[in-house]
Amino acid sequence: MFFAVSDSSIYPVLRRLKKQQLVTTYDHSYHGRNRRYYKITAAGSTELHTIAKEWWSFSNKINELMGEENG
């Protein structure tokens, strides 16, 4: 399941991630236009792993509370 996210929502998040050094950016010309690309850093990957573990733990606890089978 996917949901729509507007540009006005995502770019402030990407700027914050860059400021926290969780992603880096580089610009590259594509069909005559400059595009910005984002790459996760080692610190960003570690943070993502930590957040994912916390989410799965939380999700499993909610499923148990609701009487649903885990994953």
Side-chain angles (χ1 to χ4, degrees):
M1 175 188 276
F2 294 95
F3 55 92
V5 178
S6 70
D7 292 348
S8 63
S9 297
I10 196 72
Y11 288 111
V13 172
L14 288 169
R15 280 194 296 275
R16 267 184 271 145
L17 292 172
K18 184 177 179 185
K19 186 175 182 179
Q20 295 170 353
Q21 299 180 340
L22 300 176
V23 298
T24 59
T25 61
Y26 64 95
D27 295 333
H28 184 72
S29 179
Y30 180 77
H31 291 274
R33 294 188 53 149
N34 206 30
R35 286 194 172 184
R36 176 154 293 162
Y37 293 87
Y38 294 82
K39 181 179 179 189
I40 194 165
T41 63
S45 186
T46 298
E47 183 70 12
L48 176 60
H49 181 72
T50 299
I51 291 169
K53 281 176 46 179
E54 290 172 358
W55 169 255
W56 286 113
S57 175
F58 173 77
S59 178
N60 286 334
K61 288 175 184 171
I62 294 299
N63 286 340
E64 287 173 15
L65 180 67
M66 300 300 293
E68 296 180 16
E69 200 173 302
N70 287 337

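Looking at residues two or more places apart in sequence or on another chain, you find no side chain to side chain donor-acceptor pair (under 3.5 Å) involving Arg33. Evaluation of the side chain to side chain contact (heavy atoms under 4.5 Å, CB included) rule for Asn34 yields Asp27 as partners, not counting sequence neighbours. With sequence neighbours excluded, the residues satisfying ring pair (Phe, Tyr, Trp, His ring centres under 6.0 Å) with Tyr26 are Tyr37. Checked against salt bridge (Lys or Arg N to Asp or Glu O under 4.0 Å), Arg35 has no partners two or more places apart in sequence or in another chain.
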Below 3.5 Å, can you tabulate the donor-acceptor pairs from side chains in residues 2-20 to any protein atom, sequence neighbours excluded?
| residue | atom | partner | partner atom | Å |
| --- | --- | --- | --- | --- |
| Ser6 | OG | Ser8 | OG | 3.0 |
| Ser6 | OG | Ser9 | N | 3.4 |
| Ser6 | OG | Ser9 | OG | 3.1 |
| Lys18 | NZ | Thr25 | OG1 | 3.0 |

For residues 44-56, tabulate all N or O donor-acceptor pairs below 3.5 Å that involve a side-chain atom, not counting sequence neighbours.
| residue | atom | partner | partner atom | Å |
| --- | --- | --- | --- | --- |
| Thr46 | OG1 | Ala42 | O | 3.1 |
| Thr50 | OG1 | Thr46 | O | 3.1 |

